[in-house]
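Taking it in order: structure first as structure tokens, then the write-up.
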Amino acid sequence: MELVTAFLIAIFVSQCALLGASLAFCVKYTTLALSYGYNAPYVPTHPEYFEKIAGALEIKVDDIVYDLGCGDGRLILFCARREPHAQFIGIERNRLLVAYARTRKLMTGNPSNVSFRCKDFFDVNFSEATCIYSYLLPQTVNALFSRRNLTGVRLISRAFPLYNRTPTEVIRLSQKDGSHGEHLLYAYKL
Ligand SMILES: C[S@@+](CC[C@H](N)C(=O)[O-])C[C@H]1O[C@@H](n2cnc3c(N)ncnc32)[C@H](O)[C@@H]1O
């Protein structure tokens, strides 16, 4: 009898795992499909790069940090744990990703210094930002930052540089060569 129970539990657990994996797969590829045609597709930053990106942002206690196109909010949540006295705002246009980011936030202790806004970043006034991270396509990143006065802001643009500015630093995330310079961070003091 005990063997039968154990067998049934094992089947139940494996079915749940399969369902969870299928769900994660569907969410990942649905969001990817939905984000094509936006100013950048959803390509989340791998956790192995979090520490280096957070270091590049040089976040201090009184900073206001924006991730423009924050995806599922993973990087912002990591940075907020690292510097709990700074403020972190993630802007994301895809509703599904914002819901995912807010769920992640709840599941990681609901830090009060993090918020996610479901908006198009071209419609957002982020002049309060002191640090900005973006992982967007070249034309988007250039359109986004060339139109605004962001004097003094530290900008970290992953993969693509600004056309009309020289970076203060180019940081390599990995020794591997990425497909579109994805392993490079361009740092600017605007
Ligand atoms: C390459 S992903 C980067 C995600 C996240 N920053 C990370 O590093 O894990 C780019 C994100 O920008 C979002 N995005 C693209 N255009 C946008 C827009 N106009 N307003 C807000 N978010 C946008 C996409 O939906 C996608 O999630």
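Just so it is clear, the model here is predicted, and its values are computed rather than measured. Counting starts at 1 for both ligands and their atoms, following the listed order. Numbers here simply count residues along the sequence, with the first being 1.
- Inter-residue side-chain proximity for D62 and H85 is flagged as unmet; no heavy-atom pair is nearer than 4.5 Å.
- Of the listed residues (P41, G69, P44, G90), the one carrying the non-hydrogen atom nearest atom 5 (C) of ligand 1 is G69.
- Of the polar atoms of D67, at least one N or O is found under 3.5 Å from an N or O of ligand 1, judged by distance alone.
- At distances below 3.5 Å, not a single donor-acceptor pair connects side-chain atoms of D120 with backbone N or O atoms of R93.
- Between F145 and F126, the ring-plane angle classifies as perpendicular under the 30° and 60° cut-offs.
- When only interatomic distances are considered, the shortest N/O to N/O separation between F122 and ligand 1 does not fall below 3.5 Å.
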Salt bridge (charged side-chain N to carboxylate O under 4.0 Å, His left out) assessment of R154 paired with E58: CA-CA 8 Å; R154 180 157 178 84; E58 296 178 359; 3.4 Å; yes
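- Numbered from 1 in the order shown, with element, the atoms of ligand 1 that lie under 4.0 Å from a heavy atom of V43 read 1 (C), 2 (S), 3 (C).
- Atoms of ligand 1 found under 4.0 Å from any heavy atom of L136 (numbered from 1 in listed order, with element): 12 (O).
- Here the straight-line distance linking atom CD1 of I156 with atom CD1 of I171 works out to 5.0 Å at 0.5 Å rounding.
- Short contacts between ligand 1 and K119, defined as distances under 4.0 Å to a heavy atom of the residue, involve ligand atoms 20 (N), 21 (C).
- Taking a 4.0 Å cut-off on heavy atoms, L97 registers as neighbouring ligand 1.
- Within the 4.5 Å cutoff, the side chain of L155 has heavy atoms near those of the S134 side chain.
- With 3.5 Å as the limit, one finds no donor-acceptor pair spanning the side chains of E169 and Y188.
- If you check each of E92, R117, R158 against atom 25 (O) of ligand 1, the one with the closest non-hydrogen atom is E92.
- Of the candidates L68, T45, I91, the one placing a heavy atom closest to atom 8 (O) of ligand 1 is T45.
- Taking every non-hydrogen atom of D120 and a distance limit under 4.0 Å, the qualifying atoms of ligand 1 come out as 18 (C), 19 (N), 20 (N).
- Between R82 and E51 a salt bridge is recorded (basic side-chain N to carboxylate O distance below 4.0 Å).
- Taking only nitrogen or oxygen atoms, main chain and side chain alike, R93 reaches within less than 3.5 Å of ligand 1.
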